[in-house]
Number of protein chains: 2
Amino acid sequence: MQETGQTPPARPHTGRRRNEAAHQAILDAALHLLADSDGTPVTIDAIARTAGVGKQTVYRWWPSKGAVLLDALTDRADQDVPGPDTGTLRTDLRTFVATTFDAAQHSTTASALRTVAREAARDPHLAELMRTFTATRRTALRDLLSRGRERGELADDADLDLIVDQVYGVFWYRFLLGHAPLDTATAERLADSLVTGNTAD
Amino acid sequence: MQETGQTPPARPHTGRRRNEAAHQAILDAALHLLADSDGTPVTIDAIARTAGVGKQTVYRWWPSKGAVLLDALTDRADQDVPGPDTGTLRTDLRTFVATTFDAAQHSTTASALRTVAREAARDPHLAELMRTFTATRRTALRDLLSRGRERGELADDADLDLIVDQVYGVFWYRFLLGHAPLDTATAERLADSLVTGNTAD
DNA sequence: GCTTGACAAGACTATCAGTCTCGACAACCA
DNA sequence: TGGTTGTCGAGACTGATAGTCTTGTCAAGC
């Protein structure tokens, strides 16, 4: 979890200490509301009320609603980005894509992710945080592809960034539009066609 | 342009007639504001004021802000979805993808599309209209692929819907996140890898 | 000229993010 | 023990904005 609140003051700390229970209660409340929301917006008032906390306590530690939401999501959601390394690109890629797709099937994660994505459309601050969030995942996938290319399993001039975006593009497009499934069979078809479409010969 | 307002009453029409000038002025104003907005929300008040019209006149003919925005966009934006048919899949696909990507380079269309996409994240009504909007384009691309498959340029068991979603997935993902370009070179690389990755042999 | 529906203007309601204020309270220090 | 400081819960307040309602006016047709 990245701490998005203010950095501590330079002077030695005096005064009352931060209430960790309240801190956790806020994240818990946000996550619960996100999980139950299924896309409908989650309000700060609701988070504060559910956590039994004043609004000011929320804003003392997070700069915006979006920051709270993303923090709640990344605090609990599977933080570890998959990084399989079996020595075979096709297998690694299949696993990576299938794992990514599978995360969207769990309704708790899914509705939280959906809500955060929707809020990000309006909240520039959250959009920035989301860019970091997605960049981490893109990098992990790119490294996986890079290893495969070094083994000669991809053409030397294959456009790795484009392949990455084909994976995450399909993922977000189907996830947000919801017109087609994100199942394992699809994941494997996608992985296979990407390997075949970018080999050397 | 689809008419999103109420259906006319069954009784013969009496009273004052609809002011077509005002109708057009609203769409013009919405389009101008969308084009200038570059992602920032466009308000109904601004549309009405710019059009020199009362808010009620807007709501008499459109059910929500989103409906006005999408109507303005589809009214003027390139309505004709590209449907090249040269007899060669690779060429057709390259043209289709390049044309699609290119539309996002024109700042007027781009900021309008971006704003509508952002509004759609919050407005379920607009989200539904957007689904129709995108479905039209997906169908056109799928037909193009289907023709290629019948000519044997794609494997019989190629997953056309997945190929379609790779194109539009990359498009929207890069368009909304803005982390990588949507240029012609990228379009052609994408088209080529999709053909190669889904051929029969 | 009467009825009816469209019109511009704008007041009004409701929602929600984010700020501000207040009195209480806890940690540390002299 | 009492003063200083920062955190706490509570909630009033501001500002933005979608959407509704009201009012007085105007045009089309009977």
Interatomic distance, A/Leu126 CG vs C/dG18 P [rounded to whole Å]: 10 Å
Of residues 48-57 of chain A, the positions that come close to DNA chain D - non-hydrogen atoms, cut-off under 4.0 Å: A/Gly52, A/Val53, A/Gly54, A/Gln56, A/Thr57
Value in whole Å for how far the C1' atom of C/dT15 lies from CG of B/Asp123: 15 Å
Donor-acceptor contacts, no H, no angles, side chain residues 157-165 of chain B, under 3.5 Å, sequence neighbours left out:
{"unit_1": "B/Asp159", "atom_1": "OD1", "unit_2": "B/Asp161", "atom_2": "N", "d": "3.3"}
{"unit_1": "B/Asp159", "atom_1": "OD1", "unit_2": "B/Leu162", "atom_2": "N", "d": "3.1"}
{"unit_1": "B/Asp159", "atom_1": "OD2", "unit_2": "A/Arg189", "atom_2": "NE", "d": "2.8"}
{"unit_1": "B/Asp159", "atom_1": "OD2", "unit_2": "A/Arg189", "atom_2": "NH2", "d": "3.0"}
{"unit_1": "B/Asp161", "atom_1": "OD1", "unit_2": "B/Arg142", "atom_2": "NE", "d": "2.7"}
{"unit_1": "B/Asp165", "atom_1": "OD1", "unit_2": "A/His179", "atom_2": "NE2", "d": "3.2"}
{"unit_1": "B/Asp165", "atom_1": "OD2", "unit_2": "A/Arg174", "atom_2": "NE", "d": "2.5"}
{"unit_1": "B/Asp165", "atom_1": "OD2", "unit_2": "A/Arg174", "atom_2": "NH2", "d": "3.0"}
{"unit_1": "B/Asp165", "atom_1": "OD2", "unit_2": "A/His179", "atom_2": "NE2", "d": "3.0"}

Worked verdict on A/Glu153 versus A/Arg149 for side-chain contact (heavy atoms from CB on, under 4.5 Å): CA-CA 5 Å; A/Glu153 295 180 83; A/Arg149 181 164 66 179; over 6 Å; no
Distance below 4.0 Å between B/Arg60 side-chain N/O and C/dA6 OP1 or OP2: yes
Results of side-chain contact (heavy atoms from CB on, under 4.5 Å) for A/Glu128 - residues two or more places apart only: A/Arg131
Value in whole Å for how far the P atom of D/dG19 lies from NE2 of B/His125: 10 Å
Contacts of B/Val116 that satisfy side-chain contact (heavy atoms from CB on, under 4.5 Å) - sequence neighbours left out: B/Leu34, B/Leu69, B/Leu70, B/Leu73, B/Leu126, B/Met130
Rounded distance (Å) that lies between atom P of D/dT17 and atom OH of B/Tyr59: 13 Å
Set of side-chain contact (heavy atoms from CB on, under 4.5 Å) partners for B/Ala103, sequence neighbours left out: none
Distance test, side-chain N/O of A/Arg17 to OP1/OP2 of C/dC28, below 4.0 Å: yes
DNA chain C: 5'-proximal contact among B/Asn19 and B/Gly15 (nearest heavy atom): B/Gly15
Below 4.0 Å: OP1/OP2 of D/dG6 and any side-chain N or O of A/Trp61: no
side-chain contact (heavy atoms from CB on, under 4.5 Å) against A/Ala25, all qualifying residues, sequence neighbours excluded: A/Ala51
d(CD1, A/Ile47; P, C/dC16) in whole Å: 12 Å
B/Asp45 CG to D/dA18 C1', straight-line distance once rounded to whole Å: 9 Å
Distance-only donor-acceptor test (3.5 Å): side chain B/Arg16, base D/dC26: yes
Whole-Å gap separating C1' (D/dG11) and CD1 (A/Ile44): 15 Å
B/Tyr168 six-ring centre to B/Arg138 NZ/CZ under 6.0 Å and within 45° of normal: no
Touch class at under 4.0 angstrom, heavy-atom based, for B/Val42 against every strand present: sugar-phosphate
Whole-Å distance separating the CD1 atom of A/Ile26 from the P atom of D/dT7: 13 Å
